[in-house]
Number of protein chains: 2
Amino acid sequence: MGEDLDERKRKILKAIIQTYLETGEPVGSRTISKYTDLNLSSATIRNEMSDLEEMGYIIQPHTSSGRIPSDKGYRLYVNDLIQKTNQDAEVQTLMIQKTDRMEKILKQVVDVLAQNTNYATMIAGPSYHQNSLKFIQLSRINDKQLLAVVVAQGNLVKNQMIDLKESIDEDEILKLNLLLNNELNGKTIGEINLDMITRMKQQAGIHSEVISSVIDAVAETIQPGDEDVPIYLSGATNIFDYPELADSKKAKELMTAFGDKKELAEMIRETAPGEESSNGITAYIGNESPIQSIKDCSVVTANYNLGNGMKGTVAIVGPRRMDYKKVVENLKQLKTQMNALFGNGDAKLEGSTGQDVIDSHSEN
Amino acid sequence: MGEDLDERKRKILKAIIQTYLETGEPVGSRTISKYTDLNLSSATIRNEMSDLEEMGYIIQPHTSSGRIPSDKGYRLYVNDLIQKTNQDAEVQTLMIQKTDRMEKILKQVVDVLAQNTNYATMIAGPSYHQNSLKFIQLSRINDKQLLAVVVAQGNLVKNQMIDLKESIDEDEILKLNLLLNNELNGKTIGEINLDMITRMKQQAGIHSEVISSVIDAVAETIQPGDEDVPIYLSGATNIFDYPELADSKKAKELMTAFGDKKELAEMIRETAPGEESSNGITAYIGNESPIQSIKDCSVVTANYNLGNGMKGTVAIVGPRRMDYKKVVENLKQLKTQMNALFGNGDAKLEGSTGQDVIDSHSEN
DNA sequence: ATTAGCACTCTGCAATTTAGAGTGCTAACA
DNA sequence: TGTTAGCACTCTAAATTGCAGAGTGCTAAT
């Protein structure tokens, strides 16, 4: 909308925003006049502020109070922040222990970020875009039951218990094992077609039901649905530290959103930033937020890249008057470190462990 | 604490409590006088109330307000409730779909209870007290990696990726498989001793490291630690519906507790009621609560029994002025239905599925 | 173009008032 | 002796009022 801002207006706006982020209270002309190297009187500032308000960058909550930034104001500020290469990179390296288990890394990252920023942080594990099957192992549990273990590239493992109508012996299991591995190994989701499936079922004869079950497991493993993308969350309760979010109505809404994996998955999917755009870091301010329930918050996301087609997303959720600078710097730092750790290939993703009667533990 | 209450005092106390549970506000003598079939004037009630207060069953928040129940008062009321066989069992049967997956049942149960009661509900999966090993399956991933699949009674499945120093071929894997299964199958945790382990390591020769890894996985599978007992949580945000819990300080404390699996595990472990005592249902009122952070709440727990040594615990957390009646009735109903569904043996626990790079998904 | 000065507005807070609910006690009553 | 009506008293919660402080917009002077 309209003209660009001149240098002075820019500086004033920035000062207003920074002060507001610190104090959380509308900032008046006097404050800016005093605590700025502009050497202007409060009256001048007032005039400029009046202009800025007219242009939509700041808002007066009520006649004769100070100004607060509008979403448009924030946006200008944040864009600046993201584009600027952090020359003043006094950001500490994040304390991330390198371990052999992807899930441990993710937990660490999400915890460190939540702690550093004091906002709610979530991270989605890498999604394997074009994953292929490594091998399948059928084992006999008893007469009427099989255990299928499906292993995909990147060592994702999935167990599937299969109930049989007809009993089965070791010999037949061996045959099925061969059949499945011959047909499926190395295939991606796109390469497995109905033709192959039908052919396998025919060959399996009486045990064709097994084929169906295994195929299902394979599908879930090499192309997990939204619900299966694991999401780690940390510091959800940090939101209570910000009065503007802590009233029970909003807090309930937020906690519900944080507790609902589907909602989170949607959010993270929606926010996955275009890799090209500005550093891979994107900010959603207030109403720009990807899901309705957090429209009182801002979200800053970054995607981390592990080469080899795997990538995931981190999102930090805080109040509109979030310390964007700190957040963006932390995310930049994270990207740098993740690159350094995993930059070349997927080698370090090994060592995964799946488990259990129950595959998704706590849930809110 | 002296004398027992006479019939009339009992009735008055009960009326006070019930009214308070409904309204949440201190109840006065007039209210009781009017809405009770006792046909007593408010003045009489006042005298009785004065007695009840002296005996510690009710409390006057400030001079000249109505009375509210003390923890002692609640206790009397709740004890009554639990012991009384619910003759007036108009409780609807809980809508629980029988499925073949334990985890789905648990999810359903926890959701239904949270919905029915509108309190926070959590459930711990069955702990397998004396579980034994069914079989072990080693598979080759590549030169330097093995996948061990450990299956225990009740079809708990655990995957463990094993990194090797020395490369290994199919023949050797077969040998290890035989070795492990011969030694370990059918054993409980107590029956696996250091002697056996040492012997196996010797026989495994250069690949003794594999034995250690497998043993670790076995231990975790047939005797999961506290952190591994899966806990399902539902309706955590229901607490926001109760003003006495919804202020940000308390809500934060509660949500933190709910989000911390360890805390929950501790709570559920602590509350696991003595099976014998009163129906297996136990109530913890206010300060009796098992963990510090929920001392403003009451907790009602029940353990469900699946025969065959497996049992788990349900806990419902709500405000002190929780609708104990509804909660207790729901839990009784649950116990009945669980018994009906699973009463005989563990047959229905089959069909479990484990999975994934990441073994514990969302976390708060 | 900038600034000093002044009248005006709005908020947040504390003090005050008021209405209502409930009690405790006393005296009357069955 | 147990029950009840009546009344003075207490306490809370909510509404009302009165400031003090911060900030603005405008005008006139520099």
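Numbered from 1 within each chain, the chains take letters A, B, ... in sequence-line order. These numbers come from the heavy atoms of this one structure, side chains and all, not from hydrogens, waters or symmetry mates.
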Do [X] and [Y] meet the criterion of a side-chain donor-acceptor pair at a distance under 3.5 Å?
{"X": "B/Asn118", "Y": "B/Tyr242", "answer": "yes"}
{"X": "A/Tyr324", "Y": "A/Asp80", "answer": "no"}
{"X": "B/Ser298", "Y": "B/Tyr74", "answer": "no"}

| message | Quick test of your reading of the model: are B/Glu244 and B/Arg320 salt-bridged, counting only N-O distances below 4.0 Å? | response |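 So B/Glu244 does not pair with B/Arg320 through a salt bridge.
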
| task | Check whether any side-chain N or O of A/Ser50 sits under 3.5 Å from a backbone N or O of A/Arg46 as a donor-acceptor pair, and report yes or no. | result |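 No, A/Ser50 side chain to A/Arg46 backbone: no donor-acceptor pair under 3.5 Å.
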
Can you measure [X] atom [atom1] to [N] atom [atom2] for me and round it to whole angstrom units?
{"X": "B/Arg8", "N": "D/dT4", "atom1": "CZ", "atom2": "P", "result": "8 Å"}
{"X": "B/Asp51", "N": "D/dT3", "atom1": "CG", "atom2": "C1'", "result": "14 Å"}
{"X": "A/Leu40", "N": "C/dA4", "atom1": "CG", "atom2": "P", "result": "11 Å"}
{"X": "B/Glu25", "N": "D/dT12", "atom1": "CD", "atom2": "P", "result": "14 Å"}
{"X": "B/Ile16", "N": "C/dG22", "atom1": "CD1", "atom2": "P", "result": "13 Å"}
{"X": "B/His62", "N": "C/dG22", "atom1": "NE2", "atom2": "C1'", "result": "9 Å"}
{"X": "B/Lys9", "N": "D/dT3", "atom1": "NZ", "atom2": "C1'", "result": "14 Å"}
{"X": "A/Leu38", "N": "C/dA1", "atom1": "CG", "atom2": "P", "result": "18 Å"}

| request: If a protein heavy atom is under 4.0 Å from the base, mark B; if only from the sugar-phosphate, S; if neither, -; do that for nucleotides 23-30 of chain C going 5' to 3'. | output: BBB-----

| Between B/Glu48 and B/Leu40, is a side-chain contact (heavy atoms from CB on, under 4.5 Å) present by the stated rule, with each step listed? | CA-CA 11 Å; B/Glu48 295 286 44; B/Leu40 291 171; 5.8 Å; no

| Does C/dT2 have OP1 or OP2 sitting under 4.0 Å from an N or O in the side chain of A/Ser41? |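 Result: no.
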
